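Lettering of chains follows the sequences in order, A, B, ..., and the numbering in each one begins at 1. This one's a predicted model, so the numbers in the text were calculated from it and none came from an experiment.
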Amino acid sequence: MTALEPVIGLEIHVQLATETKMFCGCRLSFGDEPNSHICPVCLGHPGVLPNVNEQAIVYALMIGEALGCEIAERSTFHRKNYFYPDLPKGYQISQYDHPIAVDGRLGDVRVHRAHLEEDAAKLSHKGASGRIHGSGASVVDFNRGGTPLVEIVSEPDIRSAAQAREWAQLLRATLASLGVSDCNMEEGSLRVDGNVSLRPAGSDELGTKTELKNMNSFRFLERGIEAEIERQRELIESGQEVEQETLHFHPDDGSLTPMRSKEYAHDYRYFPEPDLVPVVPTAEMREAARAALPELPAARKERYLTELDLPEATAASLAFQPELGGFFEDALAANSDATPRAIANWVTGDLVAALREQDLGEDPYRSKAEPREIAALAAMVEGKQVSHSAGKQILAKLAAEGGTAAGVVESEGLAQISDDSEIDAMIDAAIESEPEAADQVRSGNEKAIGRIVGAAMKNSQGRIDGGLAREKILERLG
Amino acid sequence: MPASEEICRLSATELIAGIEAGSFSPAESIEAWAGAMESDDLNAFLWKGVEGGAEQGSGHLSGLPVAIKDIFCTSGIPTTAGSRILEGYKPPYSATAVERLTEAGAGLLGKTNMDEFAMGSSNENSAYGGVSNPWDRTRVPGGSSGGSAAAVAGGLAPCALGTDTGGSIRQPAALCGIVGLKPTYGAISRFGMIAFASSLDQCGPLTRTVADAALLLEVMQGQDQRDSTSVGLEAPIELPSSTDLDGVRFGVPAELVGGDVGIEVGVREVFEQTLSRIEELGGEVAEVTLPHAAHGISAYYVLAPAEASSNLARYDGVRYGLRVEADDLVSMYERTRSEGFGPEVKRRIMLGTYALSSGYYDAYYAQAQKVRTRIAEDFTAAFQGVDFVVTPTSPTVAFPLGARTQDPLSMYLSDFCTVPMSLAGIPAISIPAGLAAPPEGGPELPVGFQIAAPAFGEQDLLEAAHALEMSIGFQRLDQREGEGA
Amino acid sequence: MIDREQVRHVARLARLSLSEDEEARITEQLSGILEHVEKISALDLNGVEPTTHVIELTNRFRPDVPVEAPPREVLLEAAPEGDGDSAGFEVPSPQA
Ligand SMILES: [Mg+2]
Ligand SMILES: [Zn+2]
């Protein structure tokens, strides 16, 4: 049997970080008292009309430009009709055959389209009797209803769960750099659905695809897609058919269950929204969107590689993890004497490790360490004012307690010993404490020198530079 | 101080002139009209109450009460759109058109009866009972703005607001012998006007005179931030003063007026007399062709129900209005909507849902939108040769209550002459042109004459209508009764 | 033109429950109306642009500035079950 190849596409709903909703003047909110941001328009009262938020258009254009899309000359809104309590008008206003942006690319995945629409309200089930047929009640909170969304649809260019996660991370970094969204997966401001199918490797045909929902972190996204690939593989290999359906991912046990099929078949009866007029982005609007673009993650990585000479993996994690990259940029801006590479290593290495240890996730700004002090630390180590191992101690202290690098050096007495006589005395003591190793070095076995250097470092509590110690020992024993 | 009856015999412009001259106060005017409204025995009003308008100097319409079709949201005042599903609903806000009137000092004089969600041509589709035509109480006032037309014709209100989607201002104005103006689509904001068919709905005045229509249009027109499809007019509307039609060209479209389209003999006679009168006033009458106009009804009865089916999806028992309880969600939806909507509304929701449903969209909806393009082009071409297009407003005079309720298609054909202008978005006015006996015999009834102009041609339209109105000298019902009294 | 089965399907889409009688009547009436309406399908309108708005407008936007809404209690009271201070709009659970 030929090997099976996964074909994966992603659909991402991004809540825009505008002040107000897509079609009315209610403020956006998260976590506020239910139904505290509502008005006749977003409740779908009789006679109201939608009114397009200009900032949402600006953000959508920025997203289109950042994803290398073609901006539509004329884009329109449609009504997508269906009944559900979270949909107050009985239809969702969404872009259908003329989305605002099409045919883009981000990294190695093509972007099919990006379109504007409004978010639904939030429905929560009330009481414990929900299991008993006919006795359950739900409550609708319309605060979220009408939040502007941009839906981004990728082409099915992704071939593995890991690649899906990486691409979603790149997309998130890109959107975050634009400042158009909070991009918070747990709070739902970034929602990623996956379309997964399998086909014989090398084939052009597409297999039956399933749609995965509720993967509200990058880890779950990867796990969910991985699980679905395996599920489909087993079905196909045992001669069964994959059914086209929507699956719900359960983070607790990693399982996938079919969403209850709606009682009635869907027929959305799309038609042009008569209450809204076309959006025709002018040259000025497009120009403004392009001008508002910051350096995008892909370009930033390129710059880190070529201009700052950072290693590939370091450049990628700084460029694609917005908080980490921001912290790094802030440290760079402190103008210390450290090289970018040294700062980058401290940030992506020890600082990230410290975050993990303190259970602070991936945001270095949540630690107590100031970017400027990490830069100062890197400069001290590079300038041999402190040893590398002392540097590690300083970082741990900065991350846990804050303060300045110089202050920690001072209070912990970690400064490099610079007085030659003091160093010499320590070297002599180290040679004395390791007579065997000293003999071996004298007889030409240089490898044995490590033990003596180690002793010197230990005695000085890391306050001697390792290289210097080595030189001096060789001088004595050479 | 004149007696209430005298105040209630004045047109809106006369009323305002009387207040300006100090003959009576705004409060006296409002009081007189409140009394008139209370005497309603036509079932023209769904809510009787007066709000504002009595204050001196609160605007140039101070003292003028306006009856409001119950399709306009009025803050804190019941608004039902003639439907059970909105019984008891009090909107939390007011329509822009109503706000503009009250900002100009006008008062609100009750909410008038109407066909449910403006779907109908006889007012018999109101969930709150039909309205009688004041000329003959056994007959319909027309629809859907039947309550507004009957109130003005019956002397219960000096003027009223209506809405026109396919003829709902012009046709009842014609059947009740008053003036009804449908402005250019977008001239007046639709915000707060309960939607029937969004791409066609337009607010307009029903009045005693053409000048009154101009007066109200000027106050209400204008772009509104809250209605993206509103544009307003290019220049302020002035009160019309023309008395002749020198050099003005009127086009008669064979497709709407020809011998085979079901125009009653009496209606045709009045129409032809009016054409002769145009010529007497110095105007020219020519034939024009609107090759697709006869398909207007077909296109309209696809587009309007399709939009309506979507616009009426919000009445689901969740956030306001009627709810019929049920154990499960779908049953709650279905029971609420089935008990809340009347037969005509259900029929149109069904028709519109079908026309939009998978597999039928292209044949119905898309095709109807193309017919609409053609009809608009037809008018543009016709206006190359003439200034106005004229037709009888309604093919018939007011018909007996119940005559068409069992045959929806025959009811739909009442809009044959008014629908093409709605599809083209152009302004059109109906003025009373004379009386004609109904084919089945009985007292003579009003006949309306429709004049349509190019988009945004309201001022010219009002001037022509005014000249014709002056020459016709139609005696309104209130004037006849006033004489009799 | 349109049969009972289609009428039933459309009623379901529109969330209307029709009695047997209504179903029969509507099937007959819709068929009559559709027969009339269908005359337009005979027109050759290939290449004609469909019209959504007769008056051409573009780019009508609102500034991204909060607008004050009517009091929350008023909006909540309007709900069939509303008493103005309940936290939300209650419905039978879609899952029931
Ligand atoms: Mg979507
Ligand atoms: Zn709102």
Under 3.5 Å: donor-acceptor pair, side chain of B/Lys182, backbone of B/Ile426: yes

Tell me, yes or no, whether the heavy-atom count around B/Gln225 atom CD, taken from other residues, nucleotides or ligands under 6.0 Å, exceeds 12. yes

Chain C heavy atoms under 4.5 Å from B/Phe456: which part of the residue, side chain, backbone, both or neither? side chain

Kindly determine whether B/Tyr300 and B/Tyr412 satisfy ring pair (Phe, Tyr, Trp, His ring centres under 6.0 Å), including the steps that lead there. CA-CA 10 Å; B/Tyr300 177 85; B/Tyr412 296 174; 8.5 Å; no

Can you tell which part of B/Glu339 gets under 4.5 Å to a heavy atom of chain C, answering side chain, backbone, both or neither? neither

When rounded to the nearest 0.5 angstrom, what is the spacing between CE in B/Met421 and CG in B/Leu200? 14.0 Å

Minimum heavy-atom separation for B/Met411 and B/Ser121, please, with both atom names. O-OG, 3.8 Å

If you count heavy-atom pairs within less than 4.5 Å of chain B, which of C/Ile26, C/Leu18, C/Leu30 leads? C/Leu30

Between B/Gly317, B/Ser331, B/Pro343, which residue shows the highest count of heavy-atom pairs closer than 4.5 Å to chain C? B/Gly317

Side chains of B/Arg190 and B/Tyr185: do they bring a donor and an acceptor to under 3.5 Å? yes

Taking atom types as modelled, is there a side-chain donor on B/Ser75 or B/Ser94 under 3.5 Å from an acceptor on the other? no

Between B/Gln223 and chain C, with a heavy-atom cut-off of 4.5 Å, which part of the residue counts as in contact: side chain, backbone, both or neither? side chain

I'd like to know which of B/Lys90, B/His295, B/His292, B/Arg226 tops the heavy-atom pair count under 4.5 Å against chain C. B/His295

Tell me whether B/Arg84 contacts the main-chain N or O of B/Leu322 through its side chain, where contact means a donor paired with an acceptor under 3.5 Å. no

With respect to chain B, which residue among C/Arg25, C/Glu38, C/Lys39 yields the maximal number of heavy-atom pairs within a distance under 4.5 Å? C/Glu38

Heavy-atom distances under 4.5 Å only: say whether C/Pro50 touches chain B with side chain, backbone, both or neither. both

What residues of residues 346-356 of chain B make heavy-atom contacts with chain C at a cutoff under 4.5 angstrom? B/Lys346, B/Arg347, B/Ile349, B/Met350, B/Leu351, B/Thr353, B/Tyr354

Beyond-backbone contact of B/Ile194 with B/Leu86, side-chain heavy atoms, under 4.5 angstrom: yes

Donor-acceptor pair, side chain of B/Asp415 and main chain of B/Thr418, under 3.5 angstrom: no

Tell me if the aromatic rings of B/Tyr315 and B/Phe117 count as close, with their centers under 6.0 Å from one another. yes

Within residues 54-63 of chain C, the residues sitting under 4.5 Å from chain B by heavy atom, in sequence order, are C/Val54, C/Ile55, C/Leu57, C/Arg60, C/Phe61, C/Arg62, C/Pro63

C/Ser41 (side chain) donor-acceptor with B/Ala363 (main chain) under 3.5 angstrom: no

Against chain C, label B/Ala313 side chain, backbone, both or neither, depending on which of its atoms sit under 4.5 Å from a heavy atom there. neither

Flag for B/Ser189-B/Ser230: side-chain donor and acceptor within less than 3.5 Å: no

Sort out for me which of B/Glu325, B/Arg319, B/Met332 touches chain C most, counting heavy-atom pairs under 4.5 Å. B/Arg319

Counting only heavy atoms closer than 4.5 Å, note whether B/Thr229 contacts chain C via side chain, backbone, both or neither. both

Non-hydrogen atoms of chain B under 4.5 Å away: do they reach the side chain of C/His53, the backbone, both or neither? side chain

Neighbourhood of chain C inside residues 374-381 of chain B, taking heavy atoms under 4.5 Å as contact: B/Arg374

B/Thr96 vs B/Asp227, test: side chain to side chain contact (heavy atoms under 4.5 Å, CB included). Steps then yes/no. CA-CA 9 Å; B/Thr96 299; B/Asp227 175 2; over 6 Å; no

State whether the side chain of B/Arg337 and the backbone N or O of C/Arg15 hold a donor-acceptor pair below 3.5 Å, judged by distance alone. yes

Please flag which part of B/Ser309 lies under 4.5 Å from any non-hydrogen atom of chain C: side chain, backbone, both or neither. neither

Is chain C contacted by the side chain of B/Pro92, its backbone, both, or neither, given a heavy-atom distance below 4.5 Å? both

Who among B/Gly425, B/Pro408, B/Ser228 has the most heavy-atom pairs with chain C under 4.5 Å? B/Ser228

Got more than 12 heavy atoms from elsewhere within 6.0 Å of CD, C/Glu28? no

Does any heavy atom of chain B fall under 4.5 Å from the side chain of C/Leu16, the backbone, both, or neither of them? both

Picking from C/Ser17, C/Ser19, C/Ala11, C/Pro70, which has the most non-hydrogen pairs under 4.5 angstrom with chain B? C/Ser17

Under 4.5 Å from any heavy atom of chain C - which part of B/Tyr365: neither

Has B/Glu116 got a side-chain atom pairing as donor or acceptor with B/Gly342's backbone, closer than 3.5 angstrom? yes

Going by distance alone, is a donor N or O of one side chain under 3.5 Å from an acceptor N or O of the other, for B/Ser199 and B/Arg372? yes

Can you list every salt bridge (Lys or Arg N to Asp or Glu O under 4.0 Å) pair that touches residues 353-368 of chain B, not counting sequence neighbours? none

Any idea which of B/Ala424, B/Ala326, B/Ser198, B/Gly76 has the most non-hydrogen atom pairs under 4.5 angstrom with chain C? B/Ala424

Can you tell me which portion of C/Leu45 sits under 4.5 Å from chain B's heavy atoms? Options are side chain, backbone, both or neither. both

Which bit of C/Thr52 comes within less than 4.5 Å of chain B, counting heavy atoms only: side chain, backbone, both or neither? both

Chain C contact via B/Leu423 - which portion, at a heavy-atom distance below 4.5 Å: backbone

Looking at B/Glu307, is its backbone amide N or carbonyl O close enough to the side chain of B/Ser310 to form a donor-acceptor pair, meaning the two atoms are under 3.5 Å apart? no

Backbone of B/Leu233 reached by a side-chain donor or acceptor of B/Gln221 within 3.5 Å: yes

Are C/Leu75 and B/Tyr320 close enough that some pair of their side-chain heavy atoms sits under 4.5 Å apart? no

Return yes if some donor-acceptor pair links the side-chain N/O of B/Glu255 with the main-chain N/O of B/Leu290 below 3.5 Å, else return no. yes

Donor-acceptor pair, C/Glu23 side chain versus C/Arg4 backbone, under 3.5 Å? no

